[in-house]
Amino acid sequence: MKRLLTAALAVLLVASACGIDDEGQTTTTAPATTAATTDTTRAEEPTSTTRGDTATTAGSGGPVLVTVGLRTFASCDAILGYYIENALELVGPYGLNGGPSIYRSDDMVAEEAMAAAEADAAAATTSSPSAPSFTGTNVQVAGVDEADMVKTDGFYIYSLMDDRRRLRIVEVKDGAMNLQSTLDVGFEPREMLLYEDMLLLVASEYRVGAVTRIAQVDISDRGSPEVIADLSMDGVYNGSRLSDGVARVVITSTPVGIEWEHPRGSGLRAEQEAIEANRELVRNSTLGNWLPAYVQADLDGGDPEWGQLVDCSNVLAPGVFSGLNTLSIVMFDLSEGIGDWTTASVVAEGDTIYATPESVYVATSRWVNWGALSEDDVRSESRGYTTLIHKFDTSTSGRPVYEASGEVEGFLLNQFSMDEYDGDLRVAATSGPSWWWTEDSESHVTVLRPEGDLLEEIGSVWGLGEGERIFSVRFMGPDAYVVTFRQVDPLYALDLSDPANPEVLGELKIPGFSSYLHPVGDDLLLGVGQDASLEGWVEGLQVSLFDVSDPTDPIRVAQLLLPEDHDSDMYSWSPVQNDHRAFLYFEDLAYIPYHAYWWEDDESNYVLDAGVAAVEVRSGDLGLEALLRPLEDGPVREDERSWNRVWRAVPDRVIVIDGWLYSVSPFGIGVHDTDTWERGVFLEYPER
């Protein structure tokens with residue numbers, strides 16, 4: 001199944017003539033002037049107070065109906081009817097979730113990928129001669145910031161890497177550090193965005209279900225930061241982006257507020273009675289049970305404001321049923337704070353987002369009730385598994401506008417599996433669902449081009465890593481590099497200059513894998529991952545340098561193990577392997593946080609080594625400049641007093657400011673002079 005949209009094209013002419021179907025769902029995309037106004041919420045529910053008039057408009061090609069396209073609804077009644085109709089098909093004796101599930105044999109469960117992302121390092125910036133030069137978060141797309149645990153403006157380091165996720169604000173200058181303030185916001189933020197004198201602290205909580213919570217913190221006085229807004233939304237936090245002062249937060253919400261019946265006792269009668277009771281609960285449900293709500297706290301002690309997060313006019317559904325969860329893009333103009341927002345929502349599963357300064361792409365999965373299938377049916381269904389991708393225009397702060405949808409076979413590794421180039425979207429995927437890994441798995445790169453409301457496939461290349469899955473992807477202009485792995489690490493070099501005819505130019509097979517790829521020159525790629533035996537057993541952290549000057553014959557020209565005297569009894573790892581934001585490349589040096597431990601027979605003790613590896617990328621070679629340990633000169637044994645302090649100070653993020661390297665951990669911040677590698681004074685956070 002290489003061209004999944006071909007069959008859908010036959011319905012285009014029919015769809016363009018369609019109006020509203022029997023269920024009240026429109027088959028055309030509603031123009032901006034026809035936003036629905038009907039509200040079917042029950043009397044006990046608050047009226048929606050979502051800000052902004054955010055209707056959805058069609059693409060330039062006119063209204064179409066395809067299996068992958070998103071459709072608007074004629075009214076709030078139609079949205080509620082869509083949820084109820086599909087829920088009645090799925091509800092069982094335990095509701096929509098829970099209850100018995102089928103046994104799956106070990107060979108049906110995928111080995112967990114040990115790697116995730118890669119990205120462009122944010123370049124050092126100097127806003128004026130007196131302003132410091134500093135590095136920012138390692139992001140995927142230039143001009144699109146990503147939330148992270150650590151941020152800096154060159155004068156201060158802002159960190160959420162605290163044992164209780166408190167905000168620490170540390171003033172830095174010439175290697176000296178001064179803790180300005182500690183702020184406990186009353187919950188545990190996961191990451192943050194920095195905008196001028198404002199921080200957005202974002203958390204995933206479980207209160208009465210999954211909740212995404214955002215605190216807006218005024219940091220104009222670094223010594224006394226203040227929470228000035230507190231917003232909670234139903235749903236799991238998927239990620240956020242910041243561009244031109246507009247934050248885009250993506251959440252996925254589940255149905256809420258329905259107290260499902262369970263079988264009372266054993267036997268078929270009890271089961272059937274529970275099913276009928278749950279069906280009745282579905283029939284009596286309201287929009288408040290399906291669409292996410294928000295609660296905005298009154299920080300002066302008054303009653304909170306609450307209501308429906310999204311307007312009915314901004315809810316869309318895929319042509320292929322994709323579940324009963326709701327994925328929402330929530331946009332905030334940070335010049336106005338988080339008191340106002342606009343939204344667009346898709347009734348679908350999904351948690352993978354890719355953003356450019358102008359657009360957000362959301363990848364959703366076609367819903368399958370895996371628990372109801374036999375093992376043979378699971379295998380059959382897995383072979384036809386697809387991912388839907390929806391494009392939204394977020395170029396203005398006014399509203400996210402749905403533009404087009406496309407479909408690819410298989411699953412995406414993460415956000416870096418997507419890349420926009422010259423208006424086309426390139427997508428790297430592995431066949432089957434993410435938990436399925438078989439001998440006939442294979443990966444591919446597909447090019448999608450906007451055609452009206454379609455992201456239409458115009459070219460693809462298959463056969464990457466048969467029996468393997470993607471571990472990392474790097475799109476670089478008209479080229480792409482894909483790493484797959486099961487026992488050996490094939491690095492594939494692809495030419496995408498003719499998007500209608502992408503092709504594999506060459507491949508390199510070596511033991512191990514690179515879970516992160518970073519360009520370090522026109523013809524060089526740096527890889528961070530794990531060395532491995534020929535049988536596929538991982539054997540330790542490695543840095544690889546690949547020469548891709550001849551894409552028909554990529555070669556590894558250098559390999560560096562960390563630590564350098566690594567042997568098979570050591571365990572070594574870096575957070576770069578599953579988080580691109582932990583990596584920093586600056587002035588021909590790669591900074592890689594790491595830790596390693598091993599058993600020392602002579603001393604009958606475990607030994608721990610942790611710090612930041614400063615790796616120089618020379619012409620065709622790698623050189624370990626220094627191991628920058630925040631606290632000690634060398635590895636420590638388990639029986640030494642410093643063991644716990646060193647373990648707590650394992651770095652997770654690195655920043656360079658005016659020639660000083662700051663390594664940030666939950667225990668505090670270490671500092672080194674990048675000219676001499678001399679270690680400065682470690683700033684240990686106080687207990688309170």
Donor-acceptor pair between Glu420 and Tyr361 side chains, under 3.5 angstrom: yes
Nearest heavy atoms of Met192 and Leu199, plus distance in Å: SD-CD2, 4.0 Å
Distance-minimising heavy-atom pair for Pro666 and Val650: CD-O, 4.2 Å
Mutual orientation of the aromatic rings belonging to Trp647 and Tyr597 [parallel < 30°, tilted 30-60°, perpendicular > 60°]: perpendicular
Any donor-acceptor N or O pair under 3.5 Å, side chains Tyr594, Asp609: yes
Aromatic ring pairing Phe583/Tyr516, orientation class (parallel under 30°, perpendicular over 60°, tilted between): tilted
Distance-only donor-acceptor check, side chains Ser665 and Asp652, under 3.5 Å: no
Side-chain donor-acceptor pair present, Tyr158, Asp153, cut-off under 3.5 Å: yes
Gln140 and Gln415 side chains, donor-acceptor separation under 3.5 Å: yes
Short side-chain donor-acceptor distance under 3.5 Å, Glu358 and Ser395: no
Residues Arg166 and Thr182: side-chain donor-acceptor under 3.5 angstrom: no
Aromatic ring pairing Tyr585/His518, orientation class (parallel under 30°, perpendicular over 60°, tilted between): tilted
